[in-house]
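Proteins come first, then strands; the chains are lettered A, B, ... in the order of their sequence lines, and each starts at number 1.
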Amino acid sequence: MSVSFNEKVLNIVRDIPKGKLMTYGEVAVLAGRPKAYRAVGNILNKNYDKAIPCHRVIRKDGSAGGYNCGRERKLEILKKEGVYPDF
DNA sequence: CGTATGACGTGCA
DNA sequence: GTGCACGCCATAC
């Protein structure tokens, strides 16, 4: 394994285009571990990077979940992006 | 190494 | 629709 699951997740999340929403499950699948959605959240939580739009990663329910910078901030950004999860 | 925790997901009452 | 329990993976202690 040249790359760790952690790097893959961060890479995928970082590659999320503006106005696009992704769920932890989707990211986990693209990372190669469809059942590691738990780990995906943990990785983002501990490895939150400024270049990574983790605010574009939400739950399957459409809920924002959480955000290191503040859950409200996440919703604010999503709303600004025009991708507000109004499910 | 084993237990506990966490930005989750699904199932059942 | 809401709440609780179980399962899954990675990290921390």
Using whole Å, report how far [atom1] of [X] lies from [atom2] of [N].
{"X": "A:Asn47", "N": "B:dG6", "atom1": "CG", "atom2": "C1'", "answer": "14 Å"}
{"X": "A:Arg59", "N": "B:dG9", "atom1": "CZ", "atom2": "C1'", "answer": "7 Å"}
{"X": "A:Asn6", "N": "C:dA12", "atom1": "CG", "atom2": "C1'", "answer": "15 Å"}
{"X": "A:Glu7", "N": "C:dA10", "atom1": "CD", "atom2": "P", "answer": "14 Å"}
{"X": "A:Ile43", "N": "B:dG6", "atom1": "CD1", "atom2": "P", "answer": "17 Å"}
{"X": "A:Leu44", "N": "C:dA10", "atom1": "CG", "atom2": "P", "answer": "14 Å"}
{"X": "A:Phe5", "N": "C:dA10", "atom1": "CZ", "atom2": "P", "answer": "6 Å"}
{"X": "A:Arg71", "N": "B:dA7", "atom1": "CZ", "atom2": "P", "answer": "11 Å"}

What nucleotide, of [options], holds the atom closest to the side chain of [X]?
{"X": "A:Lys46", "options": "B:dA7, C:dA12, C:dC8", "result": "C:dA12"}
{"X": "A:Lys74", "options": "B:dG9, C:dC8, B:dA7", "result": "B:dA7"}
{"X": "A:Tyr48", "options": "C:dA12, B:dG9, B:dA7", "result": "B:dA7"}
{"X": "A:Tyr37", "options": "B:dT10, C:dA10, C:dC8", "result": "C:dC8"}
{"X": "A:Asn45", "options": "C:dG7, C:dA10, B:dG6", "result": "B:dG6"}

Q: Output yes when a side-chain donor or acceptor of A:Lys8 lies under 3.5 Å from a complementary backbone atom of A:Leu30, and no otherwise.
A: no

**Q.** Backbone N/O of A:Tyr67 and side chain of A:Lys74: donor-acceptor pair under 3.5 Å
**A.** no

Q: Please work out if A:Ala39 contacts a base, only the sugar-phosphate, or nothing of the nucleic acid, heavy-atom cut-off 4.0 Å.
A: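 Touches a base.
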
Kindly indicate whether the side chain of [X], heavy atoms from C-beta on, has any atom under 4.5 Å from the side chain of [Y].
{"X": "A:Ile16", "Y": "A:Lys20", "result": "yes"}
{"X": "A:Leu44", "Y": "A:Leu10", "result": "yes"}
{"X": "A:Lys18", "Y": "A:Arg56", "result": "yes"}

Q: Measure distances between side-chain N and O atoms of A:Tyr24 and base N and O atoms of B:dA7, and say whether any donor-acceptor pair falls under 3.5 Å.
A: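 Indeed, a donor on one side and an acceptor on the other fall under 3.5 Å apart.
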
